[in-house]
Student: 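Mind having a look at this structure? Questions to follow.
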2 protein chains.
Amino acid sequence: MKNENNEVILEGKSERIYKTLMDSILEALKNGTLNPGDRLPPERKWAEEMKVSRSAVREAVRALEMIGLVSCRQGGGTFINENYRLTMFQPMTISHRLNHGTLSDIQEYRQCLEIQAAKLAALHATDEDIRILESLVRKMNRADNTYEGSIYDRNFHSKIAEISGNCLIRDSLASVEALLDEIIDDVRSIIFQSARNTRLLHDQHQQIIDSLRNHDAASAGKYMSEHMELIVRLLK
Amino acid sequence: MKNENNEVILEGKSERIYKTLMDSILEALKNGTLNPGDRLPPERKWAEEMKVSRSAVREAVRALEMIGLVSCRQGGGTFINENYRLTMFQPMTISHRLNHGTLSDIQEYRQCLEIQAAKLAALHATDEDIRILESLVRKMNRADNTYEGSIYDRNFHSKIAEISGNCLIRDSLASVEALLDEIIDDVRSIIFQSARNTRLLHDQHQQIIDSLRNHDAASAGKYMSEHMELIVRLLK
DNA sequence: TTATAAAATTGGTCAGACCAATATGCAATC
DNA sequence: GATTGCATATTGGTCTGACCAATTTTATAA
């Protein structure tokens with residue numbers, strides 16, 4: 001780093017430059033200066049602004065890309081991912097791969113998180129939340145193909161995770177989705193393949209919603225548990 | 001409400017070099033060519049071997065470092081982390097920070113995973129596993145300071161996560177440890193600070209071990225649940 | 001106005017250099 | 001022989017400048 005200007009960029013120990021750059025991005029995201037979909041400055045310009053080399057900038061971009069926060073398009077630019085939560089836990093995928101993980105591993109992991117999410121959601125759900133969930137279930141019912149239905153199902157679970165108010169649980173479950181996608185083709189369409197299953201799933205969804213409406217955490221957990229058991233059975 | 005866009009990433013195009021390099025490391029780790037503690041080739045040499053520029057190598061190293069697989073020591077070299085599981089979920093820390101996460105978030109997340117781990121461990125625990133757990137509890141009892149005791153406590157929980165046989169749960173819990181460390185100073189010493197607590201914790205640990213020995217998943221889950229509730233209460 | 005091609009922009013890669021922290025080897029010392 | 005201290009080599013960290021490749025923007029022609 002140049003000493004020409006008496007800028008105090010680093011305090012104490014000399015931290016790696018790319019980490020400093022990363023932090024500035026994280027900070028901007030946190031306080032809303034930067035938002036999903038936004039474009040980062042071009043590498044050359046950013047480097048100039050921060051008075052560092054382009055190499056340092058590129059290392060920061062690489063790090064941000066690795067944790068799923070940004071995507072780079074050659075010639076286009078680098079952008080904050082629209083839904084960066086979905087890939088935030090990319091290392092989970094790598095871990096699963098390195099450890100020869102099985103489908104059961106994913107199911108067991110998902111199971112307890114979904115149940116916990118449902119319990120927490122029961123404590124926090126607002127009327128508006130309930131309305132949205134019911135709307136999703138209605139759409140799910142009316143869906144005329146398995147794919148469309150599966151999308152609403154996915155939204156249903158995401159919404160509950162959102163309502164839970166717990167960012168770790170929410171993000172983990174989003175990552176589970178990604179992981180499942182990677183392992184099974186068209187995961188949810190499998191679930192919706194028979195009319196009988198669809199009916200069963202509908203009833204379970206409704207039971208969960210009712211529990212949330214009554215702010216009955218125990219009940220929500222119980223019904224979500226049953227729901228998960230069904231899904232586990234169907235995916236076998 | 002935003003539409004879900006399930007992007008299917010197409011292979012076949014020229015992949016980024018750093019990803020190729022990463023993959024070779026992951027592959028080497030998977031088949032045992034590389035092991036924790038091993039040193040990666042010097043950047044210059046590695047670049048030459050792979051017939052790429054050093055920049056490309058550095059981007060790969062950066063990516064590996066970001067997901068917690070390797071650590072770099074200037075002048076020393078780059079090494080596979082001894083226990084890379086511990087930092088595999090570093091993005092969790094970032095997510096927690098970006099979302100203004102609370103201690104409750106961590107507790108709720110940990111709670112359901114520890115319980116699930118205990119249940120699964122009950123199904124898989126061997127006599128050897130039980131022996132190790134009992135040894136840990138004995139050492140915990142004999143520990144003459146809170147710090148030493150806290151280490152054994154940590155090992156106790158890690159061991160159960162290990163016994164569960166689920167890599168995702170195990171790695172997630174390891175990450176929770178790291179996250180707690182980052183937020184609270186000397187987390188577990190707080191827990192062990194009073195003799196009365198120590199006694200309570202000891203009994204709970206013993207109950208959990210007994211459940212594992214009997215391969216009683218329900219019981220293991222119940223006692224771990226009580227254990228977690230106590231911990232939550234103590235950390236408040 | 002639209003379609004097409006040239007130019008500018010921007011990420012991807014490369015080469016070579018120097019700095020800073022660490023590791024290594026060797027000589028001096030005890 | 002073992003230890004210490006220092007010069008040297010090694011290795012990661014950063015910088016500069018260049019060229020390639022994909023994309024976007026602009027200018028031009030129909």
Side-chain angles (χ1 to χ4, degrees), chain A residues 1-5 7-25 34 37-82 84 87, chain B residues 7 9-25 34 37-82 84 87:
Chain A
M1 190 88 67
K2 294 167 184 172
N3 292 336
E4 300 287 323
N5 314 332
E7 307 177 67
V8 181
I9 303 177
L10 308 172
E11 65 266 8
K13 50 189 174 180
S14 61
E15 201 180 343
R16 298 285 313 282
I17 293 180
Y18 86 91
K19 287 195 174 181
T20 308
L21 296 175
M22 266 188 80
D23 272 348
S24 72
I25 294 296
L34 219 49
D38 285 358
R39 189 169 125 177
L40 264 53
E43 295 177 352
R44 293 166 177 84
K45 193 169 297 179
W46 191 13
E48 189 184 7
E49 284 173 4
M50 304 294 280
K51 294 185 167 48
V52 298
S53 73
R54 195 181 154 205
S55 332
V57 166
R58 281 190 63 78
E59 293 200 8
V61 172
R62 203 58 48 234
L64 290 170
E65 187 185 33
M66 190 44 45
I67 62 177
L69 246 171
V70 305
S71 293
C72 307
R73 288 210 315 271
Q74 181 172 350
T78 300
F79 300 81
I80 306 288
N81 278 337
E82 203 59 65
Y84 52 79
T87 50
Chain B
E7 305 178 80
I9 299 175
L10 302 174
E11 300 298 332
K13 306 179 78 174
S14 60
E15 205 177 77
R16 300 285 314 281
I17 293 181
Y18 85 90
K19 286 195 174 178
T20 308
L21 296 175
M22 265 188 82
D23 272 348
S24 72
I25 295 296
L34 263 179
D38 286 357
R39 190 169 123 177
L40 263 52
E43 294 178 353
R44 294 166 177 83
K45 194 168 298 181
W46 191 12
E48 190 183 6
E49 284 173 3
M50 303 294 280
K51 295 186 167 45
V52 298
S53 73
R54 195 182 154 203
S55 329
V57 166
R58 282 190 61 78
E59 294 200 8
V61 172
R62 204 57 48 233
L64 291 169
E65 186 186 33
M66 191 43 46
I67 63 178
L69 248 171
V70 305
S71 293
C72 305
R73 288 209 312 274
Q74 182 172 349
T78 300
F79 299 82
I80 307 288
N81 278 337
E82 204 59 65
Y84 52 81
T87 51

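Chain letters run A, B, ... following the sequence lines, proteins first, then strands; residues in each count from 1.
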Student: Do any N or O atoms of the protein come closer than 3.5 Å to N or O atoms of nucleotides 14-18 of chain C, and which pairs are they?
Tutor:
unit_1  : atom_1 : unit_2   : atom_2 : d
dC14(C) : OP2    : Ser53(B) : N      : 2.9
dC14(C) : OP2    : Ser53(B) : OG     : 3.1
dA17(C) : N6     : Arg54(B) : NH1    : 3.4

Student: Please find the pair of heavy atoms, one from Ile17(B) and one from Ala56(B), that lie closest to each other, and give the distance.
Tutor: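 Closest pair (atom of Ile17(B), atom of Ala56(B), distance): CG2-CB, 3.7 Å.
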Student: In terms of the nearest nucleotide of DNA chain D, which residue is placed more toward the 5' end: Gly75(A) or Tyr18(A)?
Tutor: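 Nearest-nucleotide comparison on DNA chain D picks Tyr18(A).
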Student: Can you see if the side chain of Arg39(B) gets near the phosphate of dT11(D) - specifically, an N or O under 4.0 Å from OP1 or OP2?
Tutor: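 Yes, because at least one side-chain N or O of Arg39(B) sits under 4.0 Å from OP1 or OP2 of dT11(D).
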Student: Closest heavy-atom contact between Met50(A) and Leu21(A)?
Tutor: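 Closest approach of Met50(A) to Leu21(A), heavy atoms only: CE-CD2, 3.5 Å.
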Student: Can you tell me how far P of dT13(C) sits from CH2 of Trp46(B), to the nearest Å?
Tutor: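 These atoms are roughly 14 Å apart.
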Student: Quick one: is Arg62(B) getting a side-chain N or O under 4.0 Å of the dG12(D) phosphate, OP1 or OP2?
Tutor: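 No, because none of the side-chain N or O atoms of Arg62(B) sits under 4.0 Å from OP1 or OP2 of dG12(D).
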Student: Among dG11(C), dG12(D), dT14(D), which nucleotide sits nearest the side chain of Thr78(B)?
Tutor: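 Nucleotide nearest to Thr78(B)'s side chain: dG12(D).
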Student: Which nucleotide wins on minimum distance to the side chain of Arg16(A), given the candidates dG11(C), dT13(C), dT14(D)?
Tutor: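 Nearest nucleotide to the side chain: dT14(D).
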Student: Roughly how many Å is it from CD in Glu48(A) to C1' in dG17(D), rounded to a whole number?
Tutor: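 Distance, rounded to whole Å: 14 Å.
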Student: Take the protein atom CD of Gln74(B) and the nucleotide atom C1' of dA21(C), then report the distance between them rounded to whole Å.
Tutor: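 After rounding, the reported distance stands at 5 Å.
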Student: Measure CZ/Arg58(A) against P/dC19(D) and give the value in whole Å, please.
Tutor: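 Going from Arg58(A) (CZ) to dC19(D) (P), I get 18 Å.
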Student: Whole Å only: how far is the CZ atom of Phe79(B) from the C1' atom of dA23(C)?
Tutor: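 Going from CZ in Phe79(B) over to C1' in dA23(C) covers 10 Å.
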Student: Could you state the CD-P distance from Glu59(A) to dG11(C), rounded to the nearest angstrom?
Tutor: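 Going from Glu59(A) (CD) to dG11(C) (P), I get 16 Å.
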Student: Can you name the nearest heavy-atom pair linking Val61(B) to Val70(B), along with the distance?
Tutor: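 Closest pair (atom of Val61(B), atom of Val70(B), distance): O-CG2, 4.0 Å.
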Student: At their closest point, which heavy atom of Cys72(B) faces which heavy atom of Thr78(B), and how far apart are they?
Tutor: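 Minimum heavy-atom contact is SG-OG1, 3.6 Å.
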Student: What closest approach, in Å, do Trp46(B) and Pro41(B) show between heavy atoms, and which atom pair accounts for it?
Tutor: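 That would be CB-CB, 3.9 Å.
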Student: Rounded to the nearest Å, what distance is computed from the CD atom of residue Glu43(B) to the P atom of nucleotide dA21(C)?
Tutor: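 It works out to 16 Å between those atoms.
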Student: In plain terms, say whether Glu59(B) and Arg62(B) are close enough for a salt bridge, that is, a side-chain N and a carboxylate O under 4.0 Å apart.
Tutor: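 No, no charged N to carboxylate O under 4.0 Å.
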Student: Charged N to carboxylate O under 4.0 angstrom, Glu48(A) versus Lys45(A)?
Tutor: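 Salt bridge: no.
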Student: Does a side-chain N or O of Arg73(A) approach OP1 or OP2 of dT24(D) to a distance below 4.0 Å, or not?
Tutor: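 Answer yes for this pair, as a side-chain N or O of Arg73(A) is under 4.0 Å from OP1 or OP2.
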